[in-house]
Structure formats: structure tokens, C-alpha cells
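A quick write-up on the structure given underneath.
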Amino acid sequence: MPHADFVVVANRLPVDHDPEGGWRRSPGGLVTALEPVMRKSDGAWVGWAGKPDVEIEPFEADGMQLIPISLSAEDVELYYEGFSNDTIWPLYHDVIAAPRYRREWWNAYVAVNRRFAEAAAEAAAEGGTVWVQDYQLQLVPKFLRELRPDLTIGYFHHIPFPAYGLYSQLPWRKQVLEGLLGADVIGFQRVADAGNFARAVRRQLRYETKATGIRVPQEDGSTRVALAKAFPISIDASSYIALAEREDIQARAKEIREELGNPKTILLGVDRLDYTKGIRHRMKAFGELLQDSRVDVEDVTLVQVASPSRERVETYMQLRDEIELTVGRINGDYDTMGHTAIRYLHQAFPREEMVALYLAADVMLVTALRDGMNLVAKEYVASRIDNRGVLVLSEFAGAADELGSSLLVNPHDIQGLKDTIMRAIEMPASEQGRRMRSLRRRVREHDVEDWSDEFLSALAQVRGTEGVGS
Ligand code: GDG
């Protein structure tokens, strides 16, 4: 077993099994952000390799120690698809879909979280730092502290933390709060999420909170202060800029426009196919604009990339059926031989193609009903090196706190959404430029590396340590 000064614990390892038998790095922003820290401090990453029922020995890739956690098919069903994605995910996204509370799922969640904590406890060097990621692993901080009180423990929550009235539905609400409070720093996307968490702690556990500090009583009668604070995540902006500058990708953007019949305006949506993303609201608004003749199918096309997600969870199967029915109806009513209303793609594309799409799109529609941050909004902005294009952004996405120069919408207000889409379609180039420059400045000045630096220095401060890699 490796002994690492810095350990990341996430549901997934940052690599995918490639068909030729090796490992391919998955290109997420998190890996990019943590790579420098990983290299400097002999980092290790604990996570699931993505395939059930396989035991894989720890191995090294890209200068990182990878420590696979094996999950059985039953673990995947109960801990991952069940408790994580059918209880916590809908509850934390304001019950857009109904959460299901099943004791069997909870028991599996506890057991699997314990296994992740044990693996991290074995991997971490004396006095090391462990950074736990996301809602699948909310109990890991507590289990890990019990096993290894010498460690400094951080936790980052990528999704929203709901208001107390909703959170209190959770039959295991106390245990989850106690799990999270095992961390020294608990990071959230928005100030509001951190506030919701602190309120739940006050109401459920009766612990005292002051500004961002929470006093956590210890067994020996002393107290420890945990920090619950917003650290909005971002993207690796320079890599998007570099892709957008590539001539082949710019040529591809032109080609996409031609393939769509050179419409005057391309509207774009890019989401995992998830009920939180407001894909149906977006389509309803667009369908009505066609119906009202405020837009013409010859002039305006909506491209919707809906990448496959959680396909074995029932609610996602239903959502897919509903969306595909809506697309079929709208296209059936408005398509002409040469033009389509909605070009719907239930596929995942390489990053190069995504950036070509961002460059081809005049208007980016991010209409999430609830979203921790929404990185697509930031990727679109970073890619617009021409300072053109309009971002329509839901106020219920975390990104709205930073991207105030976008056109902010309430996606539940279909009339308002329709009017905002029209405003985006008709926006003069000068106004586009002014808004886009300001949006791009924010994303460039606060990229994913700043995010991880800020989180890790807060963590170092709480424990009075020197910080990882220093
Ligand atoms: C969670 C929170 C928070 C999508 N389709 C393709 C593709 N993508 C990429 C996007 C983007 C990422 O997936 C999606 O990130 P989001 O932030 O939009 O949403 P979630 O997946 O729900 O992520 C969210 C995030 O965690 C980080 O903290 O912002 O609120 O829900 O990077 O570009 N990428 C490629 N092909 C696709 O077809 N290559």
C-alpha cells in the first residue's frame, strides 16, 4: 500500500478502462485541477473503476497512485443507483423528482462509505491530507476521522444542499450531518448551500455556528471548529481557450452550421440527460415560439446534446421517453425537408466536438431547475474567444452567482423564458460583446486551479498545517 501525503477520495477513479485492456484518463476538470498537487505530494486517488464485480490491485498512472474500490453489482444497485441517485440526488435538488427512502439502500450506503474510508485510512501517510468528493461519500469524513484522527480532512459537495424544510425529510438526517462534520472544511458551491447546511446542523444537532464556523463537540468534552463555506468550482479555462483557438475546431464549427442548413441562429443545450437540467422547459418554450410564429424553423434551430446518464434508474428512463416524445412532436409539427426544429443527440461527444458546438452556437441555453454549479455555462463562455454569443442562464444554477452578465431566467416561468430567448436571438453584437467580455473575465480569473488552491489553503489553515505539497 502506498503512503501518500495527499489522498483524494471520489466515487470514481479518474480513469476509464479502455477496450484494449489499459487505462485511459478521463478528462474531467477535477483531475486537471488536482494533478499538480498530486505530483508534488505523491498523491493517491481512491475510487471505483466503474465496472462491478472486478477486483483490481492498486496501480500507478500519470504519476498518481490509483487505489480501486471494488463494488459488487448489488453495491452498485443499492449504494450508487439507489441511495446516491434515487434518494440523495432528487432530495438535494429540491425534490424535482420524488426521492425514495429505502432502508436497504441506506444500509448499503453506510457499508460502502465505510469501505472507502478504510481504503483512504490505509493509503494516507501520518499527518496527511485527505480530500473527499461529493454526495456519494457523505459519511466518509466521520469514519475516516475515527480511524485516523491525525489526518486533515476536507469534503467538497458538488451538488446543492437543500433548505432545511426539505432536508428534514431524510430519515437519516442526523447521521448524514454527523458524517459530513467529520471534515475540517466542508465546501459548497454557493453561500446559500453552506447556509442551508449550517441551519440543518443547528436545528438537528443543536451545535453552535458562528459565521462559517461550526463548533463540533468531541468525545473528551472539548470542541473542534469545522468550517462550512462556499468554494465555487470552475473549469480549466485555458484548455477551452486553446481548443477554441485551433483552426480545425473553428472549421468544424463552420461545418456544423452548414450541416444544419445555415440557420440564422443556432440555440444550443448541452446536458447529461437529467431531470434537474430543465430540458423539457427549454423545449416547451422553443416549441411555443415556433407555434406563435415568433421564430421560423428556417431561421432558428435548437441543437440539444443530451448525453446518456444513469440509464438503469427508472426516473431517468421515463424522462428520456418524455423528452423524445416532445422532440418528435415538435419536429413533426414544424420541420421542413431542409430544416429541423430540434436536432436531438442522445450521445456523448469528444471535447473537441463540444467546443466546436460552443463556437457554432449563437445562444447557449442553461435552464437547470436546480444545479450545484453548471460547468457547461462556464465552458461556453471560456470558448467564445470572439466575444460573441449569448448565455441564457437559470438563476437556480450555482453559476448564476458569478455570471451576472448573462441573461438570467427563471425556467419555471415559460413566458419569461420565451421572452428571454427572443431577447438573446435579437441581441445586437455590441451588447453581446460587452456581456461576453465581462463573463469571460470572471471565468479566466477564477479557474479550477484557483478553486482547488483556495480550498486546500483553507484546509491547511484550519489544522494549522503547512498545506499539501509545500
Ligand atoms: C455535477 C453537478 C457541478 C456533457 N456531455 C458531454 C460532456 N459533458 C460534460 C460537460 C461538463 C460536464 O460534462 C457536466 O458538468 P455540469 O457541471 O454541467 O453538470 P453535472 O454532470 O451534473 O455535474 C454540477 C459539477 O458536478 C461540478 O462540481 O457543476 O452542478 O451537478 O464538463 O462539458 N463532455 C463531453 N461529451 C459530452 O457529450 N466530452
Side-chain angles (χ1 to χ4, degrees), residues 8 10-12 14 16 24-34 84-85 88-94 96 131-137 155-162 187-190 192-193 230-237 239-240 243-244 249 268-279 303-310 316 319 343-359 361 364-383 391 393-403 443 446-448 451-452 455:
V8 171
N11 176 58
R12 282 296 311 271
D16 287 318
R24 222 182 5 217
R25 201 176 108 168
S26 40
L30 194 61
V31 200
T32 319
L34 296 179
S84 299
N85 289 330
I88 293 293
W89 180 271
L91 176 65
Y92 284 24
H93 287 88
D94 291 356
I96 297 166
W131 192 0
V132 182
Q133 306 287 331
D134 226 0
Y135 65 100
Q136 302 92 350
L137 302 175
Y155 169 91
F156 187 75
H157 194 73
H158 291 255
I159 67 173
F161 196 91
F188 296 93
Q189 302 279 25
R190 308 179 94 157
D193 298 316
F231 295 89
I233 201 169
S234 192
I235 58 163
D236 179 18
S239 78
Y240 281 88
L243 287 172
I249 291 180
L268 175 65
V270 171
D271 314 83
R272 274 187 310 98
L273 203 158
D274 196 295
Y275 50 80
T276 60
K277 303 291 182 183
I279 302 171
V303 176
Q304 176 65 54
V305 175
S307 43
S309 183
R310 305 177 191 168
Y316 288 76
L319 174 74
R343 178 57 55 86
Y344 166 76
L345 302 147
H346 181 251
Q347 299 163 38
F349 293 98
R351 237 154 61 108
E352 288 76 5
E353 182 76 355
M354 304 299 280
V355 172
L357 274 166
Y358 291 149
L359 286 174
M364 182 81 218
L365 297 175
V366 176
T367 56
L369 305 175
R370 192 40 99 193
D371 213 334
M373 176 55 62
N374 195 289
L375 297 179
V376 167
K378 292 189 170 180
E379 291 165 4
Y380 177 67
V381 163
S383 303
L391 173 64
L393 176 61
S394 165
E395 55 193 73
F396 300 109
D401 282 357
E402 295 170 83
L403 304 181
V443 174
H446 182 75
D447 70 3
V448 73
W451 167 77
S452 64
F455 186 92

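Atoms within a ligand are numbered from 1 in the order they appear, just like the ligands themselves. Note that the numbering runs from 1 along the sequence shown for the chain. What you see below is based on every heavy atom in this structure, not just the backbone, and it leaves out hydrogens, waters and symmetry mates.
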>> I'd like to check which ligand 1 atoms, numbered from 1 as shown, lie under 4.0 Å from a non-hydrogen atom of V376.
In response: 10 (C), 18 (O)
>> Could you work out, for atom 30 (O) of ligand 1, the closest of D274, L345, L375, D371 by heavy-atom distance?
In response: D371
>> As an exercise, state the distance from OH of Y344 to CD1 of I279, rounded to the nearest 0.5 Å.
In response: 7.5 Å
> Of the listed options (S234, S307, P160), which comes nearest to atom 5 (N) of ligand 1 when hydrogens are ignored and any heavy atom counts?
Replying inline: S307
>> So if I count the atoms of ligand 1 from 1 in the order they appear, which ones are less than 4.0 Å from some heavy atom of Q347?
In response: 38 (O)
>> Would you say the rings of Y316 and Y275 are close, in the sense that their centroids are separated by under 6.0 Å?
In response: yes
>> Counting only nitrogen or oxygen atoms and a 3.5 angstrom limit, does K277 reach ligand 1?
In response: yes
> Does any donor atom in the side chain of Y155 or H157 lie under 3.5 Å from an acceptor atom in the other side chain?
Replying inline: yes
> Going by the order shown, which atoms of ligand 1 are within less than 4.0 Å of some heavy atom of G372?
Replying inline: 30 (O)
>> Using heavy-atom distances only, which candidate in F349, Y358, W89, Y240 approaches atom 39 (N) of ligand 1 most closely?
In response: F349
> Any heavy atom of Y135 sitting closer than 4.0 Å to ligand 1?
Replying inline: no
>> Rounded at 0.5 Å granularity, tell me how far OG in S307 sits from CG in L345.
In response: 10.5 Å
> Taking all atoms of both residues into account, what is the closest heavy-atom pair of E402 and P232, and its distance?
Replying inline: OE2-CB, 3.6 Å
>> Going by the closest heavy atom to atom 26 (O) of ligand 1, which one wins out of M373, Q133, H158, R370?
In response: H158
> Counting from 1, what ligand 1 atoms have a heavy atom of Q189 closer than 4.0 Å?
Replying inline: 3 (C), 28 (O)
>> With a heavy-atom distance limit of 4.0 Å, tell me whether I233 approaches ligand 1 through its side chain, its backbone, both, or neither.
In response: side chain
>> Whether R370 engages the ring of Y92 as a cation-pi pair (distance to the six-membered ring centre under 6.0 angstrom, angle to the ring normal within 45°) should be assessed.
In response: no
> Quick one: are the ring centres of Y135 and W89 less than 6.0 Å apart?
Replying inline: yes
> What atoms in ligand 1 come closer than 4.0 Å to a heavy atom of R272?
Replying inline: 20 (P), 21 (O), 22 (O)
> Which value, rounded to the nearest 0.5 Å, describes the distance between D134 atom CG and H158 atom NE2?
Replying inline: 4.5 Å
> Between the candidates H346, E379, M354, K378, which shows the shortest non-hydrogen contact distance to atom 7 (C) of ligand 1?
Replying inline: M354
> side chain to side chain donor-acceptor pair (under 3.5 Å) between Q304 and D271: does it pass, once the steps are laid out?
Replying inline: CA-CA 8 Å; Q304 176 65 54; D271 314 83; 2.9 Å; yes
